[in-house]
Amino acid sequence: MAMSEGHWVKGIADEIIGRGDEKIVVHTGKTPSGPIHIGAEREQFICSAIQKELTRRGLESTFNFIIDSYDPIKSIPVGVKVPIGFEENIGKPLSDVPDPLGCHESYAVHYADEFVQCQSRLGLSPNVIYSHVLYQQKEMKDAIRTVLARLDELRIIRKRFIQEEGENSADDWNPVMVVCDNCGKIASKKKEVAPNRVTSWDLRKDEVSYLCTSCGYQGTGSISGTRLKLSWRVDWAAKWAVFKVTCEPAGKDHCVKDGAYDMGLEVCSKIFGYRGPLRVSYEWLTLGDRAMKTHKGITFTPTEWLRIAPPEPLRYLILSADLMRHVSFLPERIPDLVDNFDRLERIYYGSEPPSGNESIKYMRDLYEICTVTNHSSQPGRIPYRFCVYMVQLEGLFTSGGIISKSADYLSKLIGRPATEEEREDMRARLTNAKNWVESYAPPNLKFQISTEAPSYKPKSDEERAFIGAVIKLLEKDLKEDDLQNEIFNVARSLGLEIGEAFSLIYRILLGSERGPRLAPLLMALDRDWLLDRLRSVI
RNA sequence: GGGCCUGUAGCUCAGUACGGAAGAGCGGUGGGCUCUUAACCCAUUGGCCAAGGGUUCAAAUCCCUUCAGGCCCGCCA
């Protein structure tokens with residue numbers, strides 16, 4: 001069966017190179033209308049993967065991340081707590097809305113910054129550009145002048161892409177929006193969002209006039225001095241032209257035939273004289289089977305991901321999927337994802353063979369675009385599943401004990417002492433796992449030393465005798481290894497199945513069939529409590 | 001209404017560009033110990049490839065139809 005040759009990012013890189021642009025500029029953007037969810041990372045990772053692939057081929061590129069902070073706030077997302085009267089802000093540019101939490105200069109910066117703070121940890125290093133700043137610059141002012149000068153052409157283009165409702169669509173459409181000098185709004189929202197648009201203009205005087213849809217104020221001012229913005233499809237095209245964008249990925253909603261991307265490309269070439277970027281279309285992430293929607297409060301943020309898992313598996317989750325496939329994510333599956341990434345890493349370094357139908361070439365490509373830090377050799381990783389289990393014993397071992405026991409295990413796994421870096425990675429995973437267990441672990445992966453009396457009772461005299469013998473062993477103050485061995489001996493001498501015997505103790509202590517290596521567990525427990533517990537069942 | 005995408009094992013998905021014996025991981029099940037990190041290792045189970053039709057020596061793969069889910073055609077990636 002034909003195996004696909006390498007990763008999809010290679011094809012994109014080929015196309016980019018084929019364009020022969022003087023400079024390669026990769027773009028992405030996001031409106032900070034609320035908490036920015038993890039789905040937005042798909043676009044970031046695509047750009048990052050492209051950049052890595054280009055770098056591997058010896059090509060430089062620029063990666064810009066535009067924050068659409070100049071867009072109006074249209075509603076307050078479910079789940080965002082705001083002070084009383086905050087609705088007054090609806091219609092203002094996001095960059096002018098106060099931060100409801102009070103820690104940043106604006107609503108826009110608060111949510112954008114929360115997202116941006118995760119970027120470097122996820123292996124992303126875009127240039128962050130806020131559109132409310134960008135729009136004060138000459139290039140965007142010039143783009144606005146171009147739009148006004150060529151508005152007739154623009155209206156014709158728009159007509160082809162947008163079917164107006166109703167027949168009275170006298171073409172007075174103007175994509176230049178204005179922030180009202182009087183009330184500070186760029187749009188009003190009654191039933192629908194209505195932007196403030198320029199009503200008349202004079203390019204010789206470099207002047208625009210507008211009527212505020214919100215407060216009714218009639219204003220006039222210079223193009224350079226008035227706060228202006230282009231509406232969506234024209235805004236996109238203008239930025240492509242200003243930055244000479246080579247490639248911009250976009251959600252499939254925008255990439256649909258005659259959608260925003262198609263119109264943007266046409267506006268870009270016909271009005272701004274730039275051919276526009278290479279389009280890369282991608283599907284959305286879903287949270288289980290639900291689409292993530294900021295406004296409905298269905299979100300899972302990158303910040304939350306990093307609280308419960310390392311960064312690479314997120315890149316792996318997203319970049320391993322074909323662009324046009326849904327990526328279905330559930331926090332419950334974090335352990336699988338982390339372990340799958342570890343496996344990919346082992347295959348990359350050749351310490352584990354790929355399975356029959358996996359392409360080693362593909363897997364190597366994939367691994368390289370998933371890495372966040374460079375390693376000269378295979379890093380020793382502590383299995384996430386082990387962490388999930390270990391952190392639940394914190395009550396017994398204390399957090400210091402957990403770390404030293406985990407470090408021992410890690411060294412044993414890799415056959416050498418762990419480096420400081422590896423130990424740091426291990427500690428981070430333990431913290432992640434602890435958070436995950438608290439917030440997302442399904443009940444069957446949770447256990448604890450129950451304070452209630454065990455429901456399990458010995459079923460035979462042999463079992464009773466075994467427990468009695470274990471109690472005697474514990475009273476002897478044996479060393480860990482000796483205790484472990486003696487338990488075996490006792491079980492065997494009583495004619496019990498070894499597995500059954502151990503299981504018996506686990507059931508009494510943990511209420512589960514299995515557990516951690518027994519002797520260390522017994523020695524870590526409070527002696528009196530342990531003896532009482534064991535005596536209580538005989 | 002018009003358009004795009006998806007449907008493969010209980011779950012998550014490879015495999016579809018270019019037709020050549022239905023695959024992996026997880027789960028499930030069964031085993032495993034002279035001394036167990038049993039949350040490990042080994043084995044094993046499991047699928048009318050959404051349904052129907054067509055082309056072909058040969059179809060998960062190409063063509064047509066239908067069904068189900070998601071999305072776009074209004075500033076949610």
Side-chain angles (χ1 to χ4, degrees), chain A residues 1-5 11 28-31 33-34 36-44 46 68 71-72 74-75 77 161-165 177 187 192-193 195 231-233 235-236 249-260 262 281-286 289-296 298 317 320-330 332-333 335-337 339-340 343 354-359 362 383-390 392 405-406 408-409 412-413 445 447 481 484-489 491-492 497-499 502-503 506 512-521:
Chain A
M1 204 167 289
M3 198 67 228
S4 74
E5 282 296 306
T28 170
K30 182 74 184 88
T31 304
S33 50
I36 300 179
H37 60 67
I38 205 167
E41 296 290 6
R42 189 162 194 173
E43 190 168 311
Q44 303 286 323
I46 292 168
D68 291 314
D71 289 9
K74 287 169 287 181
S75 66
F161 288 91
I162 306 213
Q163 310 97 323
E164 207 93 47
E165 288 170 31
M177 302 166 66
E192 294 195 342
V193 177
S231 65
W232 166 235
R233 291 171 185 229
D235 162 279
W236 212 6
K252 65 172 299 176
D253 47 339
H254 294 318
C255 292
V256 107
K257 193 167 182 299
D258 290 341
D262 274 348
S281 174
Y282 61 90
E283 254 293 358
W284 290 8
L285 248 77
T286 58
D289 52 7
R290 298 186 306 173
M292 292 200 207
K293 301 204 179 216
T294 303
H295 286 274
K296 291 190 181 170
I298 306 172
L317 168 71
S320 64
D322 206 66
L323 290 172
M324 289 317 294
R325 293 192 71 112
H326 279 108
V327 170
S328 163
F329 162 71
L330 282 173
E332 290 80 355
R333 271 185 221 124
D336 281 350
L337 282 167
D339 287 350
N340 285 345
R343 177 169 174 271
S355 72
N357 67 339
E358 285 171 328
S359 154
Y362 176 86
Y384 192 90
R385 281 168 192 284
F386 174 84
C387 298
V388 163
Y389 157 70
M390 203 64 192
Q392 296 188 67
K405 279 173 195 306
S406 299
D408 289 348
Y409 180 56
K412 211 164 148 186
L413 269 183
L445 289 183
F447 63 83
D481 285 354
Q484 183 81 16
N485 289 342
E486 286 303 316
I487 294 171
F488 270 92
N489 290 333
R492 202 167 289 113
E497 288 259 346
I498 299 293
F502 276 81
S503 181
Y506 292 127
S512 71
E513 299 281 310
R514 297 167 181 176
R517 187 181 169 88
L518 191 54
L521 174 66

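Convention: sequence-line order gives letters A, B, ...; per-chain numbering from 1. Just the heavy atoms: all of them, side chains too, but no hydrogens, waters or symmetry mates, feed the values below.
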Which nucleotide, in any strand shown, forms a Watson-Crick or G-U wobble pair with [N], with both distances under 3.5 Å?
N	answer
rG28(B)	rU44(B)
rU34(B)	none
rG1(B)	rC73(B)
rC62(B)	rG54(B)
rG7(B)	rC67(B)

Shortest side-chain distance from [X], nucleotide among [options]:
X	options	value
V388(A)	rA39(B), rG25(B), rC75(B)	rA39(B)
E283(A)	rA24(B), rC75(B), rC5(B)	rC5(B)
W284(A)	rC72(B), rG70(B), rC75(B)	rC72(B)

Taking [M] as the reference, what is the distance to [N] when you measure between their [atom1] atoms (whole Å, please)?
N	M	atom1	answer
rG3(B)	rA22(B)	C1'	33 Å
rU45(B)	rC35(B)	C1'	32 Å
rC48(B)	rA43(B)	C1'	28 Å
rA21(B)	rA60(B)	P	10 Å
rC63(B)	rG23(B)	P	25 Å
rG32(B)	rA50(B)	C1'	41 Å
rC13(B)	rC57(B)	C1'	32 Å
rG70(B)	rG46(B)	P	33 Å

Taking the ring of W284(A) and the ring of H37(A), is the distance between their centroids below 6.0 Å?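 Ring centroids of H37(A) and W284(A) are no less than 6.0 Å from each other.
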
What's the base orientation of rC57(B): syn (chi within 90° of 0) or anti?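 With its glycosidic angle more than 90° from zero, rC57(B) counts as anti.
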
Does rA24(B) sit syn or anti, given that only angles within 90° of 0 count as syn?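 Anti, since the glycosidic angle lies more than 90° from 0.
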
What closest approach, in Å, do [X] and [Y] show between heavy atoms, and which atom pair accounts for it?
X	Y	answer
A250(A)	W236(A)	CB-CH2, 3.8 Å
S281(A)	L323(A)	O-CB, 3.6 Å
S33(A)	P77(A)	O-CG, 3.3 Å

Select base, sugar-phosphate, or nothing to describe what [X] touches, counting heavy atoms under 4.0 Å on all strands.
X	value
H254(A)	sugar-phosphate
T31(A)	sugar-phosphate
D71(A)	base

Quick one: do M177(A) and W232(A) satisfy side-chain contact (heavy atoms from CB on, under 4.5 Å)? Show the steps, please. CA-CA 10 Å; M177(A) 302 166 66; W232(A) 166 235; over 6 Å; no

Does the side chain of V327(A) come within less than 4.5 Å of R42(A)'s, by heavy atoms?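 With C-beta onward as the side chain, the pair touches.
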
Which distance, rounded to the nearest 0.5 Å, do you find between the CD1 of I36(A) and the OG1 of T31(A)?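 Spacing of CD1 (I36(A)) from OG1 (T31(A)) equals 8.5 Å.
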
Find the distance between CD1 (I38(A)) and CG (L317(A)) and round it off to the nearest 0.5 Å.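 Reported value, rounded in 0.5 Å steps: 7.5 Å.
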
When the distance from [atom1] of [X] to [atom2] of [N] is rounded to whole Å, what number comes out?
X	N	atom1	atom2	result
Y282(A)	rC71(B)	OH	C1'	13 Å
L323(A)	rU16(B)	CG	C1'	16 Å
E41(A)	rC76(B)	CD	P	20 Å
L317(A)	rC13(B)	CG	P	9 Å
W232(A)	rC73(B)	CH2	P	11 Å
F386(A)	rC41(B)	CZ	P	14 Å
N340(A)	rC13(B)	CG	P	12 Å
D235(A)	rC75(B)	CG	P	12 Å

Side chain to side chain donor-acceptor pair (under 3.5 Å) with D339(A): which residues, sequence neighbours excluded?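 Applying side chain to side chain donor-acceptor pair (under 3.5 Å) to D339(A) gives R385(A).
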
Might you list the N or O atoms of the protein lying below 3.5 Å from N or O atoms in nucleotides 8-12 of chain B, with each pair's distance?
none

